[in-house]
Amino acid sequence: MAALCVAILGAPAAACPAGVRPGPELALAPPAAARVRAGEALRILAIGSSSTAGVGASRPQATYPAQLARLLVDALGEGRIEITNAGVSGESAPATLKRLEAFLAQEEKPDLVLWQVGTNDVIFGGTPERLGALVRRGLDAAAGAGVAAAVIDQQYFPLILDVAQYERFVAAVDDAAGELKVPLLRRYAMMKQWAAEDPAGFRDLFSWDRFHMNDKGYACLAEELAGAIVAAVGAAGTPSAPAGAAAAGPSRAAR
């Protein structure tokens, strides 16, 4: 399944680090797995700040949720995936947590939450301890609602002024996900290693401001997530019936 995901991305996939995906292994909750086996669409909520909203992308179709949707549709088939992009540029964890809790309180909940978190909490203040507590609260809320979750930690970028302080916030997110055994995509570690090993290739991930990703950067983020999701759907079982015509297309705009 993972090999299929890499192959369908095409040229940008060759530039992405090999062997990076969320860990531990992503698993759907039993109700979501049953829906997938019945041929219904997997409902994914992508929530976070500018990396989710897609600041720096050349067009809406180049955001990471939109590129992820195309990868998953190619791998799993039309009607199998429904992604809501709930990214809000500039948002920090307290505001995102409130929106996440509202989504989880809806009657039609997502089956999977992809939570990109933490960069703005370093920039706009707060403490690592507070950030860790907020992430735990959100992940506990998802688990209580029977919703699977995966966390995307902070990005590494060339203009970090205090790396040691920034990495304390990264550790707070990583520790919270680890304590609750929630899959974590270690974006910071991946990007920092990339910057050290291939500086030119790393610079190509960013838009003009050298902070937000561009289309290529978002393609890599989508690729790293896609393999884990394809594997989780495969583990849930093959659909017993074709996806219904009423299932949504590969993505939809957040309201």
Side-chain angles (χ1 to χ4, degrees), residues 22-24 26-29 43-55 63-65 68 83-106 109-157 160-192 211-213 221 224-225 228-229 254-255:
L26 177 65
L28 301 178
R43 298 190 295 260
I44 300 174
L45 172 68
I47 195 166
S49 56
S50 56
S51 290
T52 302
V55 174
T63 66
Y64 105 70
L68 175 61
I83 295 185
T84 297
N85 184 341
V88 174
S89 182
E91 191 172 70
S92 55
T96 307
L97 175 60
K98 290 181 180 178
R99 294 194 300 117
L100 173 59
E101 290 174 333
F103 276 107
L104 294 173
Q106 294 177 358
K109 299 175 178 61
D111 300 312
L112 170 63
V113 169
L114 303 175
W115 188 6
Q116 168 258 314
V117 64
T119 300
N120 290 328
D121 296 86
V122 184
I123 296 170
F124 299 141
T127 66
E129 294 76 17
R130 181 172 185 247
L131 176 59
L134 292 168
V135 172
R136 289 181 186 88
R137 177 175 155 185
L139 296 178
D140 280 337
V147 173
V151 176
I152 306 165
D153 69 8
Q154 294 91 330
Q155 67 189 62
Y156 176 81
F157 58 98
I160 297 174
L161 299 179
D162 186 340
V163 172
Q165 174 67 354
Y166 193 97
E167 289 186 350
R168 284 190 279 272
F169 282 82
V170 175
V173 173
D174 294 9
D175 289 347
E179 288 171 16
L180 297 175
K181 297 180 173 55
V182 170
L184 170 70
L185 177 60
R186 297 180 183 275
R187 178 169 59 149
Y188 180 84
M190 174 188 75
M191 295 179 73
K192 187 175 182 181
F211 176 62
H212 294 101
M213 288 181 168
L221 186 56
E224 311 303 3
L225 292 164
I229 296 171
R255 295 181 180 179

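In this text the structure is predicted, and so the values were computed from the model without any measurement. All values below come from the heavy atoms of this structure, side chains included, with hydrogens, waters and symmetry mates left out.
- In this structure a side-chain-to-backbone donor-acceptor pair under 3.5 Å is missing from Asn120 to Ala93.
- Using modelled atom types, one side-chain atom of Asp153 and one backbone atom of Tyr188 make a donor-acceptor pair closer than 3.5 Å.
- Shown here for Ser89 and Ser50, the closest heavy-atom pair between the two residues is OG-CB, 3.6 Å.
- Rounding to the nearest 0.5 Å gives a distance of 6.5 Å between OH of Tyr156 and NZ of Lys192.
- Within the model, atoms CZ of Phe169 and CD of Glu129 stand 8.0 Å from one another, a figure rounded to the nearest 0.5 Å.
- Atom CG of Asp175 and atom CZ of Arg136 lie 7.0 Å apart (nearest 0.5 Å).
- Of all heavy-atom pairs spanning Ala148 and Leu28, the tightest one is CB-CA, 4.3 Å.
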Could you walk me through whether Ile152 and Tyr64 satisfy the side chain to side chain contact (heavy atoms under 4.5 Å, CB included) test, starting with their C-alpha distance in whole Å, then the side-chain angles of each, then the deciding distance to 0.1 Å, before giving a yes or no? CA-CA 12 Å; Ile152 306 165; Tyr64 105 70; 3.6 Å; yes

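- The only member of Leu68, Leu45, Leu185 that meets side chain to side chain contact (heavy atoms under 4.5 Å, CB included) when paired with Leu114 is Leu68.
- Here the shortest heavy-atom pairing between Trp115 and Gly138 reads CZ3-CA, 3.7 Å.
- Applying the salt bridge (Lys or Arg N to Asp or Glu O under 4.0 Å) rule to pairs touching residues 113-128 yields nothing, sequence neighbours excluded.
- Between the side chain of Arg137 and the main chain of Ala133, no donor-acceptor pair closer than 3.5 Å is present.
- Results of the side chain to side chain contact (heavy atoms under 4.5 Å, CB included) test with Val113 over Ile47, Leu139, Ile44 single out Ile47 as the only residue that passes.
- Not counting sequence neighbours, the partners of Thr96 by the side-chain hydrogen bond (donor to acceptor under 3.5 Å, both in side chains) test are Glu91.
- Closest non-hydrogen pair, Thr63 versus Gly54, comes out as CG2-CA, 3.7 Å.
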Decide yes or no on side chain to side chain contact (heavy atoms under 4.5 Å, CB included) for Val135 and Leu180, but give the supporting numbers first. CA-CA 10 Å; Val135 172; Leu180 297 175; over 6 Å; no

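- We find the CG-CG distance between Leu97 and Leu104 to be 9.5 Å, quoted to the nearest 0.5 Å.
- Once rounded to the nearest 0.5 Å, the distance linking CG of Asp174 with CD of Gln154 reads 7.0 Å.
- Here the closest heavy-atom approach between residue Ala176 and residue Gly132 is recorded as CB-O, 3.8 Å.
- Looking only at distances, no side-chain donor or acceptor of Gln116 sits under 3.5 Å from a matching main-chain atom of Gly48.
- Atoms CZ and CD, on Arg187 and Glu224 in that order, are 11.5 Å from each other to the nearest 0.5 Å.
- Remark: side-chain polar atoms of Arg99 are paired, donor with acceptor, to backbone N or O of Ala86 under 3.5 angstrom.
- In terms of heavy-atom proximity, Ala29 sits nearest to Gly146 at CB-O, 3.2 Å.
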